[in-house]
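Each chain gets a letter, A, B and so on, in the order the sequences are listed, and its residues count up from 1.
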Amino acid sequence: MKIQLALRLCLLCLILVLSACATDFPSHYSAEPIEATVIDADTKQPLERVIVTANWQLESGNPGGSFVVGQMIVMEAVTDKDGVFHFPAWGPIRRKEGLLLDKDPQLLFFKSGYEYRSLSNYGRSLEGIWKDPVRTSKWNGKTIELKRFSGTIAEYSRRFYRFNSDLEQIADRKPEDCNWKKLRQAIVATERERLKIVSQLAQQKEVNPNTVGSVYQNIIHNDNWYANKGCGSPVEFFRRYGP
Amino acid sequence: MKQNRLPQLILLPLLISPATLMAYEIETHADISRAAAQASVLRDASENGLLSSLGLRVPFDDQTHLQDFPNSEGKSRNIEDLIRDGARFEDGFLCSDTRPRNHFFDPTFNPSSGSGLNWNSELKFELGTINVSGIPSPDWALEDNGKEPNQDFSWKSAREYFYKALTATDKDIRNENFGLTFQTVGHVTHHIADMAQPQHVRNDPHYASPPDCGPATFLGKIIKENFSRYEHYTDSVRSNLPFDGYKPVNQKTDSNFLTTARQFWSDSGRGIADFTNANFVSAGTNFDTIRYPFPRFDDVVSHDESANALLQSVGADVPSECLPPNQPCLMTFFRMSVMDNYRPAASGVNDRGSTLSIFDQDLKTYNKTVSRTDPDTGQLYTNRDVFSLNRFNFDEAHKFVIPRAVAYSAGLIDYFFRGRLGAEDVELTDTGMRLRVKNAIDPESTPAWQNEVLYAVNAQGIRGQFVLAYEFKGGDGIKRYGASQPVVAKTAAEGGGDLPPGNTSTTVYDFAISLPDDAREVKYRLVYRGKLGQEDDAVAVGQVEPASGFLVAPNYTPVDGIPGPRMIVRNAGAWRLTDKTDLQAGNVDWKGWYVNGHPTEVLSWRGSVKRYFPTRGLTEFGREIYQNGELWSVAPQMVLGAAIAKDANGAEWIVAITSNSTNDIVYRRHNTKNLSPAMFDPVAAPEGWQQLASFSPLAGLREPDRGWFFNGTGTEAQTIRRKQSTDGRAHLTRLKMTIDGTTAQIVDMGNSPGFLTMRTTSSKVSDSPLDGPCRPSGTETVEVTTTVALSGEYVIAADYVDHMEILVKLKQTGGATDVDHITTDWRMIGCSSPRNIDRSNSQHEVSSSIDTSITIDLGQTDIPQQTNQGSLKASYLADGFTQISGTSTTAMRDILLVLSYLDARNGFYAGMRTPSDTELDQTVDKSQFCQQLSRNDVRNLDVIHYGTNDIVGEEHDSGPGSGFCSSRGSLTGPLRTSLTDTLIGPVDPVPAFVPLETRVGSWAVDSNGNVAVSEQLSLSGRWFNHLSDGDLGVVISNAPSDARYGIAVIR
C-alpha cells in the first residue's frame, strides 16, 4: 500500500515537472483585421449605422464545467453608408489566462428594428483551436445579412434581452478590464432601444414593460460596484455619451 | 452508389476513445435557469402569491431596480438575474476551483453505496492513469448527506440564507441574504440542468475548454482535446433552444410526484438523471462501449441519410471523398425510444440517437483507419466508420432534455418555496400577537404537497420554531424590520402537534413584538424553520393578516395619494391603513368555520344593502363571490348566498345558492380562485360548477327577493320568502335548506301566527236617569274601562352564528288601559214609563295608561323599536255622536330606533334614534283626529316605515275615539289578528316586509366584531361615519367635511 502511494507521488512529481516544461499554449495572441459588409436581408441594400462589437473571448474550464476568463480585446464599430465595418489588426499581446476558442472574435450586430445577430467562428474544428497565435475571423470579407424584425414588440423585446445579456457577459467578466467603456456606443444604444420598447409595450397592457432591461441600466445602477474596479464611475462616463 | 461506410452492427462493440463528456456552457445554464424561474412559482406576483408572502412587492423579473439584492460579488441584481448568476457561478471562475467536478451523478453505477450516486472517473494518458473524482452532484448541491468542504451555495446553505432573509431586522443583512438565497437557488438548478446532459450522468468527463492556470494547467494539457461538442453546440444555438414544452414537474395532473429534493435527481427512474442516463448515449459512452445497459443497442433501428445534404443544410463543407464519383456519403442514424417514467405519456422517439459514419463529432472525416481499445474488455478494434455524436444528434436530444431541464428546475424551485403558512384567530395583545398557526400548503392545487406535514420535531429531535417577522414604516416614512424571538413549536404532549396541509393548530402561539405607536403600513410574516414533509430543515412562510379588516372606499384621495378602495385593519391597538390596492369585496358576507368563537373563513357577494331585507329584489344581487379581498369566483346565476363547505376528505368547496329569478339553484366548486362561470366538464372545465339541486317555487311561494344565509360549515341555510295567501295577501315564510355533500333539500318552515290582542271592557254608570226614582234632572256619568293586552311575534329574518340558528322576530308586548269618562246632562220630561229623557252637553274625557313595547328579538338581544309609557288624554264635545269639536290630544311616547341596518349575528343594528318623550298636543278635526290616532296609537306598528309607506302594522280599530273613527270591532272579547290580516300599506304591488327605513349608506361588521358605518342622515343630508374605537377620517387621512365611505368586510 505504501509502495503504491509512493509510486503515485512520484508520478505526481513527474507530472508537475512535465507541466513546467510544457509550451503547448501560445504565449501571445494577435488578430488580423476584419472588414465586412452588413446588408438588409430582404432588400440586399447596405445597412448604415449598425453597431458591431467584437470580443476575443478567453475561456477556461475544469472537468465538468467552463467559465469565461475575460476578454483578450474588445472593440466596437459602426457601419458606414456602404454597410462596411472595420476592426483593425491587433497584437501580438501577451496572453495571461484562458485560451481563445471560436469566439475569436465573437461579433454582435445590433440595429434598431432588426433581428439581433451574433456570429463567431463556430463550425471550425475544435481540435487544437486554441493553438493558433494569430486569429482570423471567418466573416472577414463576407457580406452579413440582418433581417428586419417582423414579429410582435414582445418578441422583439425577448430578442433584445439576448443582446443585453451578451453585452453584459463581456462587460462583467473581469470588470477591472473596463470593457464596458469599450462598448460605449452599444451600451448607450441598448438604453435608447429599451426606452423605445417600453413605450410601445406600455400600450399593450398584457405585457409588463418593466421586464425590459438594458445593460446600461444594470451598469448605472451598480455605479459603485463598477467604479470600485478602478474604471471610474459609469454614471460620470455615460453622462457625456448617455442616452 | 458507393457508400463510404462499413457495414454496421457487426462491428460492435467498437472502439473506445479517451473519455469525453459534455455539460452546458455558462450562458446556456443561465438561460435554462431563467426559463425555469419564469415557469416556477416565482412568477406569481399576485397579492396572495409567493413573492408577497416573502414581503417582496415587485415581480421577480422587474428591471426597474426597485427590488435588487446583491449577489455574492456585491453586484445588485433582480431575482431573475440572481438565479441566472447562480447558474453561471456554479462552474466557478478559477481553474483551481473544483466545483465542476461535483456536477456528475451516475444513477446506474455507484460502487461506494450501491445507490447509484457517484462520479469517479479515470483519465488515461501516456504516463499512466490519473483518477479524478468528485462528490456526487446531489451530495454537493443539496448537502443532505452532510456538510461538504468549500460549499457555500448548496440547498442547505440556501435554507440558511432564506431564513435569515425572512427574519433579519437589519435591512442590509436581509438584502444580502435574499440575494444569496436566490443566487443559491440558481446554483442548485445548475445541477438539474447538468443532469439533463448525458455526459454528466454517464460518468463521461470532459472539458469545455482546457484549464489554463494553476495546478490544473497540466491536466488541461493532457486532456486538452476533450472539448464537449454538445455543450459548445448547445451554446451556439441557445437562442433557439426548446425551453418550453414540458410543464414543471409536480403538476396537479401528474400521477407521479417528487417530494424530496434528491428525487429530482433520481427516483426509481423518474428523476432527471434517470431519464437522461437511460435514454441517451454520450460522446464517451456511445454504442462503441458496453459500459451502460441503457439505451440498448439491440433496441435501436437504423436508417441512412445523405451526409452531403445534411452538411449542406448547415453550411458545412462536403469533403472531397463524398463528391463524385463517390457521392453521396451517408450517415447512419439510430432511432431510439425515449422512455419517460415520470410522465409516460411524454415518451417519444429520438430519430437520431447516435451516428455511425466516417464523420467525427465536428463533421470532419477521419479519412483514416481508426483504432480504439474497448476500456472494458481491452480488445482492440480497427475501423473506418466511427460512432459519434454531432449537431444532428444534439438537435434531436435538445427536444427531450432541454424542456425537462427547465421543467425539473422549475419544479425544484417550487419545491424550495413550497412551505406556506397562515394564521387564524389573530389577536393583538398588549405584548404582541397571539395566533394559531395554519399549514397553508394547499394540497388541492398541488397534490404533490399533500404529505408536507409541518412537524413539531424533526428526526434528530430538534424542535421546529416560529418567528413573527414584521416590517413597517415609521413616522419618518422609512421602512424598518422587526422580529419576535423564536417560539418553539409545541408537540402533541404540549397541546400542539404536527400540522398536515390545510390544518390549523389547536394551540395558540404568543409572539412578543415591539412596534412603535407611529408605525404604519405594518405587515407581518410568520416564519417556520423545521421539518416539513421529508425535509428536516425546511423553511415555511406566510403573511399574517389581522383577523379583522374592512374594505373602505372613501370619496376622496388619502394623503398617500392612492385612490380607490383601501383595506384598513386593526392591530397593535390602532386602526391602520394598508397599502393594498385593487381589493374587492361584496356588501353581504358569510362568516364560517368558527374556532374559539371566531370565524376563520369569510366570503362576500353583492346583495341587499340591508342584508336581510330587500329593497330592489334580485337586481341588487350579482354573480360574483369574493374572498380575501379579491374576486374569487363567478357563479352561473345570481348569488343569493354562499359558504365554504368541506367534504369527508377535508377538501374545501364553495357552495352557492343562486337564483334564475324563479328557481333556487345550488352549485358547488372547489375553493380555488377561478373566474369562469362554466359548468363542470371533466375535460373542458374540470374545476367548473357542479349543480347540486334546482328547486322550483313551492306552492304559494313568490319569487326570491332576498338572500340565503348559511351556517358556519356551509351545510344549512335559511331565507325568508313571501308567500301568497288564498285571499291574495302576502305574508312571510321561512325556508330552510340542508346540503349534504352533493345533495340538497329544502323545507318550508312556515312562520308564527302573528300578534294577539286581548281586549276586555267594563263600564260603570252613576246617576243614570234610568235608575232610581224619577228626578227632574241630573248629570249621568259613564266610565268605560278597556284593557288591552298585546303579545305576539313574527319571524322576519334568519341567520347563523356558526351552528346556532338566529331567528329575527318582531315581538310585541305590553298593554294599555283606556278610561272613557262620559258626563251627560239630562232632564226628565215627566215620569212616564218608559221615561222620556232629554240628554245634552255630553262630554268625553278619555285617558289612557300605556305600557307597551315593540322589539326585534334576536334571541339574546332585543332591539327596542318603540315604547310607550305614560298617558294619553283627550277631551272633546260630541254632538249627538256625529260631530267632534274642540278636540285635543296629548300623548307621550318613545320611538327608540328606526332601523336602517341589521346584522343578527352580532346583534348589530344601525338606525335613527328618535327623540324620546315625544309630545303630541294637537287640535284636529274628526278625520284628521282619527288619522292621527291611527298613525300614533301605541297599538299600531306604525313605527315601522318603509319610505313613505307603512309596511307592517296592526290596523287600528280601537283606542281613544275609536267609536268615532271606526265601526269595526267589538269592545269586548279577544281579537286575534295575524300580520297579513293587519297589513297597512299597498298590497299590490307586493309589499316589502321590511321593518327598516331605507337609507343611503353601508354597514359592516368584521370577524372581531368591529363595526364600520357610513350612513347618510336623512334630514341634514350629511354623513354619519363610525368605526369601532377609531375614526375613519383619521385612519384614512385627508377627509373632507363631506367624507363618506363605501364599506365592506374582508375578514
Below 4.0 angstrom, N of the basic side chain to O of the carboxylate: do A/Arg173 and B/Glu27 qualify?
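Salt bridge absent between A/Arg173 and B/Glu27.
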Would you call A/Arg124 and B/Asp362 a salt bridge, using N to O less than 4.0 angstrom?
no
Option that, when pairs with chain A are counted at under 4.5 Å, heavy atom only, ranks first among B/Ala30, B/Gly92, B/Gly315, B/Ala316
B/Gly92
Derivation of the side-chain contact (heavy atoms from CB on, under 4.5 Å) call for B/His65 and A/Ile220:
CA-CA 10 Å; B/His65 300 277; A/Ile220 292 299; over 6 Å; no
Axial cation check for A/Phe67 ring with B/Arg88, 6.0 Å and 45° limits:
no
Quick check on [X] against chain A: is it the side chain, the backbone, both or neither that has a heavy atom closer than 4.5 Å?
| X | result |
| --- | --- |
| B/Glu73 | both |
| B/Asn78 | neither |
| B/Arg77 | side chain |
| B/Asp235 | side chain |
| B/Thr64 | both |

Going from [atom1] on [X] to [atom2] on [Y], what distance comes out if it is rounded to the nearest 0.5 angstrom?
| X | Y | atom1 | atom2 | result |
| --- | --- | --- | --- | --- |
| A/Gln106 | B/Ser236 | CD | OG | 11.5 Å |
| A/Asn218 | B/Lys75 | CG | NZ | 6.0 Å |
| A/Glu59 | B/Glu25 | CD | CD | 6.0 Å |
| B/Asp61 | A/Tyr161 | CG | OH | 9.5 Å |

Would you indicate whether [X], at its atom [atom1], is surrounded by more than 12 heavy atoms from other residues, nucleotides or ligands within a distance under 6.0 Å?
| X | atom1 | result |
| --- | --- | --- |
| B/Asp317 | CG | no |
| B/Asp582 | CG | no |
| A/Lys138 | NZ | yes |

Taking the side chain as C-beta and beyond, is there a heavy-atom pair between A/Thr211 and B/Glu80 under 4.5 Å?
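With C-beta onward as the side chain, the pair stays apart.
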Between A/Asp172, A/Asn224, A/Val68, the one whose heavy-atom pairs under 4.5 Å with chain B are most numerous:
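If we count pairs closer than 4.5 Å to chain B, A/Asp172 comes out on top.
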Looking at chain B, which one of A/Val212, A/Val198, A/Leu58, A/Asn228 has the largest number of heavy-atom pairs inside 4.5 Å, strictly under?
A/Val212
Can you say whether [X] sits under 4.5 Å from chain B via the side chain, the backbone, both, or neither, judging by heavy atoms?
| X | answer |
| --- | --- |
| A/Gln217 | both |
| A/Tyr116 | neither |
| A/Asp166 | side chain |
| A/Val69 | neither |

Audit row: B/Gln63, A/Arg194, side-chain contact (heavy atoms from CB on, under 4.5 Å) steps and yes/no:
CA-CA 11 Å; B/Gln63 299 275 355; A/Arg194 182 188 75 86; over 6 Å; no
For a quick test of reading the model, state the closest non-hydrogen atom pair linking A/Ser165 to B/Arg84 and the distance between them.
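Looks like OG-NH2, 3.0 Å.
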Where is the tightest heavy-atom contact between A/Asn222 and B/Ser76, given as atom of each residue plus distance?
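Taking every non-hydrogen atom into account, OD1-N, 2.6 Å.
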Could you tell me whether a side-chain N or O of A/Asn210 sits under 3.5 Å from a main-chain N or O of B/Asp62, the two making a donor and an acceptor?
no
Pairing donors with acceptors under 3.5 angstrom, does anything connect the side chains of B/Ser239 and A/Arg159?
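Absent: no donor and acceptor within the cut-off.
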Once you measure the plane-to-plane angle for A/Tyr122 and B/Tyr233, does it fall in the parallel (<30°), tilted (30-60°) or perpendicular (>60°) bin?
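Answer is tilted, since the angle falls between 30° and 60°.
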